[in-house]
Each structure stands twice: as structure tokens, then as C-alpha cells.
Amino acid sequence: MSARVLLVTGAAGFIGANYVRHVRNADPQARIVAYDLLTYAGNLENLAGLTEGDNYRFVKGDIRDAKALDAVFSDEKITHVVNFAAESHVDRSILGPEIFVDVNIRGTQILLEAARRHGVERFLQVSTDEVYGSLGPSGLFTEQTPVAPNSPYSASKAGADHLARAYYHTYNLPTLITRCSNNYGPYQFPEKLIPLMLINCLEGKPLPVYGDGMNVRDWLHVSDHASAIEVVLATGRVGEAYNIGGNNEWPNIEIVKRLAALVDERTGKAPGTSEALITYVTDRPGHDRRYAIDSTKIRDELGWTPTYTFEAGLPETVDWYLENESWWRRIISGEYRDYYAQMYGERERL
Ligand SMILES: NC(=O)c1ccc[n+]([C@@H]2O[C@H](COP(=O)([O-])OP(=O)(O)OC[C@H]3O[C@@H](n4cnc5c(N)ncnc54)[C@H](O)[C@@H]3O)[C@@H](O)[C@H]2O)c1
């Protein structure tokens with residue numbers, strides 16, 4: 001079996017934690033070094049149940065800290081890097097773009113440089129379909145679509161992609177890039193669309209929908225994203241980018257209505273109760289109208305297919321949030337940050 005030693009950065013975030021769990025189940029022999037700065041979005045509870053020992057270790061660290069990275073690369077003899085670490089929320093990037101440039105671009109470069117110094121078999125940069133900009137009512141993003149980001153977040157992710165590509169062409173570092181559509185599933189931080197709407201339905205709070213609600217996104221279950229990353233990491237061609245998507249396009253307003261109906265059904269509220277909470281708010285500046293992914297390349301070349309349908313995945317996600325109320329309540333109340341402050345003797349950055 002494999003003797004991989006994986007450095008998973010951003011492992012305490014939504015997708016990173018789901019990926020770590022996926023690898024733990026699919027490849028118990030792999031050693032996983034989970035590396036995360038534990039910002040407001042990082043939560044050790046997302047990794048609960050993984051025990052420190054022969055094949056798992058958590059390191060609190062910054063991808064911008066070359067010294068800390070050097071220590072991890074040499075102590076652990078890292079063979080593979082999967083970089084999830086990022087500032088990830090578009091709205092926050094509009095309010096304060098600097099940290100996005102610093103973490104997503106400069107941080108990725110520092111991590112690439114560490115991987116180059118120490119030599120790794122593979123470096124996978126986790127990116128997003130948002131780097132391609134916006135589509136009209138038809139058409140799909142392919143890997144040949146020109147990169148044309150519209151928000152500080154997507155611009156910073158595009159910058160990181162270019163660096164990953166350049167490290168392959170300039171230094172022969174075996175880098176790969178994945179560009180995935182919107183993810184949903186367990187452990188998603190409550191500021192993102194699906195958990196935010198779900199929790200507001202449960203609490204009877206307004207459901208704020210940007211503009212006319214007709215912005216279209218392609219949605220993929222986070223465990224399908226995790227399996228796609230594993231496939232690209234194992235068998236993708238170095239120097240290449242791979243799109244990952246679910247052929248599952250929905251206008252935002254439809255998602256919100258579906259969630260509202262599911263919450264009413266699951267909690268015994270009268271049909272229509274939660275939908276009545278929908279409130280249209282002023283559109284986000286630079287709000288891309290439509291994203292849609294052509295994932296033919298990963299499907300045909302590497303044989304990946306998603307396993308979840310939205311019909312199964314969305315109700316399952318609603319149930320997860322219902323069953324894990326204490327998880328999101330602690331985040332909302334800020335209790336988990338106090339816990340880190342105690343554990344690590346410092347106050348986390350907000
Ligand atoms: N959420 C999506 O739908 C989606 C879709 C496509 C791609 N992506 C990409 O996937 C990655 C993960 O997204 P997510 O939704 O899990 O984000 P998230 O915000 O939930 O997690 C990000 C993690 O990175 C950590 N982090 C932030 N700055 C760091 C630093 N300087 N050093 C080390 N760790 C740091 C945070 O503590 C957090 O645990 C991101 O790179 C994002 O751009 C996300």
C-alpha cells in the first residue's frame with residue numbers, strides 16, 4: 001500500500017476537513033499532517049475523531065511561515081502537498097482584499113517554495129471555478145477558458161494558480177491545479193449560502209438573497225470534491241489544471257426555497273413558513289451571474305464521476321445541521337475561539 005506522507009494545509013476548514021476524513025477512510029496507510037492556522041474559519045472540531053499517532057498529526061501553522069514549513073517538511077518527510085489554506089469568503093474579500101492577497105497569493109508562493117526546497121512527488125493547488133469569471137445564460141467553463149476573475153477573492157485564487165503553474169514550468173515542481181464549483185455538505189462554516197440559509201430558517205431570521213436571486217451556481221457535494229482531488233493527486237498529469245463539477249446548476253433563489261421547504265418538513269413547521277422569510281437585498285458588487293463547469297477532462301482522462309445527486313445530498317446536509325446543532329451554535333457564539341485562546345494561549349484573529 002501507499003507510503004504517502006500528505007501535508008494538508010487548511011485542514012481544519014470545511015473542504016480540508018472533509019478531505020482528511022476521506023483519505024483516512026480510503027487510504028489508512030497514508031500519514032496525514034494536517035496544517036492550519038486556525039483562523040476564524042478553521043475549527044479543530046471539524047477534525048474530531050482523528051487521533052494523533054502514527055498516521056495523523058495536527059500542526060497549528062501558517063502557510064506564510066517558511067521556517068515552520070521547513071520544520072514540518074523535514075520532520076515529516078512530506079511526499080505530497082494539498083493546499084486548501086486560503087481566505088475563502090467573497091464578501092470578506094470585498095470588505096478587505098489585502099489579507100486575500102497576502103494569504104492566497106503570497107502564502108501559496110511560500111508553500112510552493114518550501115515544497116521545492118524539500119522536493120515532493122506532487123503538489124496540488126485547490127482552486128475554484130470562480131477564476132474563470134462569469135458566464136452568460138449558456139456555455140461552460142473548460143480548462144481552456146481564459147482566466148478572468150471579478151472579485152478580489154477570485155483574483156487572489158487566480159494569482160495562486162498562476163504561481164503553481166509557473167513553479168512547474170520554471171522549476172519542474174510537479175504541480176497540479178483543480179478548479180471546483182460550489183461545494184456543500186457537513187462542516188461548512190455558517191457564513192456560506194447553504195448553512196447560512198439553513199440556520200436562519202431554523203432561527204426564524206430573514207433569508208437575505210442578493211439581487212434577483214437568479215445568479216446560477218453549480219453545486220457539488222464536498223465528498224465528491226474530495227474523491228476528485230484524490231484522483232488528480234494520484235493520476236493527474238503534472239502541470240495541468242482539472243475542472244471539477246457536478247452538472248448541477250441552480251439559481252440561488254431555488255436553493256433557498258428548497259432549503260426552506262426541507263427545514264419546514266423536517267421540523268414540523270407549516271409549509272411556506274420559512275420561505276416567507278426570504279428578503280431580497282442589494283446585489284453584491286461584481287456578482288458573477290453564472291458559473292458552470294465542463295468536467296469532461298477529469299471524467300474522460302481520469303475516470304472520476306460524482307456519486308451524490310442533489311436530491312440525496314441536500315436533505316442529508318439539512319439533517320447533518322439538525323443533528324449537529326451544538327457544532328454550529330458554538331461557532332455562532334464564538335465559544336470555539338475562546339477554546340483555542342485557552343488551548344494555544346492567544347487570541348485568534350477575527
Ligand atoms: N467552498 C467552496 O465551495 C470552494 C469551491 C472551490 C474551491 N474552494 C477552495 O477550497 C479551499 C478550501 O475552502 P473552504 O470552503 O474549506 O474554506 P474555509 O474557509 O472553510 O477553510 C480555509 C482554512 O484555511 C485555514 N487558513 C487560512 N489562512 C491560513 C494560513 N495563512 N495558513 C494556514 N491555514 C490557513 C483556515 O483556518 C481554514 O481552516 C480554498 O482554497 C477555496 O478557495 C472552495
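Each ligand, and each atom within it, is numbered from 1 in the order the structure gives.
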For Gly61, atoms of ligand 1 separated by under 4.0 Å from a heavy atom: 32 (N), 33 (C)

Identity of the nearest option to atom 15 (O) of ligand 1, non-hydrogen atoms only, from Phe14, Phe84, Tyr40: Phe14

N or O pair under 3.5 Å between Asp36 and ligand 1: yes

N or O pair under 3.5 Å between Glu87 and ligand 1: no

Close-contact set for ligand 1 against Tyr153 heavy atoms, below 4.0 Å: 42 (C), 43 (O)

Contacting atoms of ligand 1, where contact means under 4.0 angstrom from a heavy atom of Ala85: 24 (O), 33 (C), 34 (N), 35 (C)

Heavy-atom gap Ser127 to ligand 1 smaller than 4.0 Å: yes

Region of Ser181 that comes within reach of ligand 1 [heavy atoms, distance under 4.0 Å]: backbone

Nearest candidate to atom 41 (O) of ligand 1, where distance is taken over non-hydrogen atoms, out of His225, Glu130, Lys157: Lys157

Gly245 backbone acceptor or donor facing Asp218 side chain under 3.5 Å: no

Among Gly13, Gly42, Ala12, Ala86, closest by any non-hydrogen atom to atom 26 (N) of ligand 1: Ala86

Under 3.5 Å: donor-acceptor pair, side chain of Asn183, backbone of Val222: no

Side chain to side chain donor-acceptor pair (under 3.5 Å) evaluation trace for Glu113 with Tyr167: CA-CA 8 Å; Glu113 196 56 39; Tyr167 266 69; 2.4 Å; yes

Intermediate values then yes/no, ring pair (Phe, Tyr, Trp, His ring centres under 6.0 Å), Tyr242 and Trp304: CA-CA 11 Å; Tyr242 291 87; Trp304 171 83; over 10 Å; no

Backbone N/O of Ile177 and side chain of Arg165: donor-acceptor pair under 3.5 Å: no

Polar proximity ligand 1 side, Asn183 side, N/O cut 3.5 Å exclusive: yes

Under 4.0 Å to a heavy atom of Ser88 - the qualifying atoms of ligand 1, by number: 17 (O), 18 (P), 19 (O)

Interfacing atoms of ligand 1 (cut-off 4.0 Å, heavy-atom, Leu38): 37 (O)

Close approach of Ala17 to ligand 1, heavy atoms, under 4.0 angstrom: no

Numbered atoms of ligand 1 (with element) below 4.0 Å of Gly10, judged on heavy atoms: 23 (C), 24 (O), 25 (C)

Reference residue Tyr132; test side chain to side chain donor-acceptor pair (under 3.5 Å); the match among Asn150, Thr142, Asn243: Asn243

Side chain to side chain donor-acceptor pair (under 3.5 Å) assessment of Ser181 paired with Asp129: CA-CA 5 Å; Ser181 57; Asp129 60 356; 4.8 Å; no

Arg290 with Glu249: basic N within carboxylate O range, under 4.0 Å: yes

Heavy-atom pair with the smallest gap, counting every atom of Thr108 and Asn104: OG1-O, 2.6 Å

Within reach of ligand 1, part of Asn43 (heavy-atom separation under 4.0 Å): neither

Tyr184 six-ring face occupied by Arg217 cation (under 6.0 Å, within 45°): no

Within reach of ligand 1, part of Phe100 (heavy-atom separation under 4.0 Å): neither

Thr9 near ligand 1 by a heavy-atom separation under 4.0 Å: no

Ligand 1 contact on Ile15 by region, counting heavy-atom pairs under 4.0 Å: both

Residue Asp62 vicinity, atoms of ligand 1 by number, heavy atom under 4.0 Å: 30 (C), 31 (N), 32 (N)

Geometric N/O contact Tyr35 with ligand 1, under 3.5 angstrom: no

Proximity of Arg64 to ligand 1 by residue part, where a heavy atom lies under 4.0 Å: side chain

Enumerated ligand 1 atoms positioned under 4.0 Å from heavy atoms of Leu37: 29 (C), 30 (C), 31 (N), 32 (N), 33 (C), 34 (N), 35 (C)

Any donor-acceptor pair under 3.5 Å from Asp264 side chain to Ser274 backbone: yes

Intermediate values then yes/no, side chain to side chain donor-acceptor pair (under 3.5 Å), Glu230 and Tyr19: CA-CA 9 Å; Glu230 276 295 82; Tyr19 173 74; 2.6 Å; yes

Closest non-hydrogen atom pair, Val103 against Glu87: CG1-N, 4.0 Å

Test item, Cys180 contacting ligand 1 (heavy atom, 4.0 angstrom): yes

NZ/NE/NH1/NH2 to OD/OE distance under 4.0 Å, Lys297 and Glu301: no

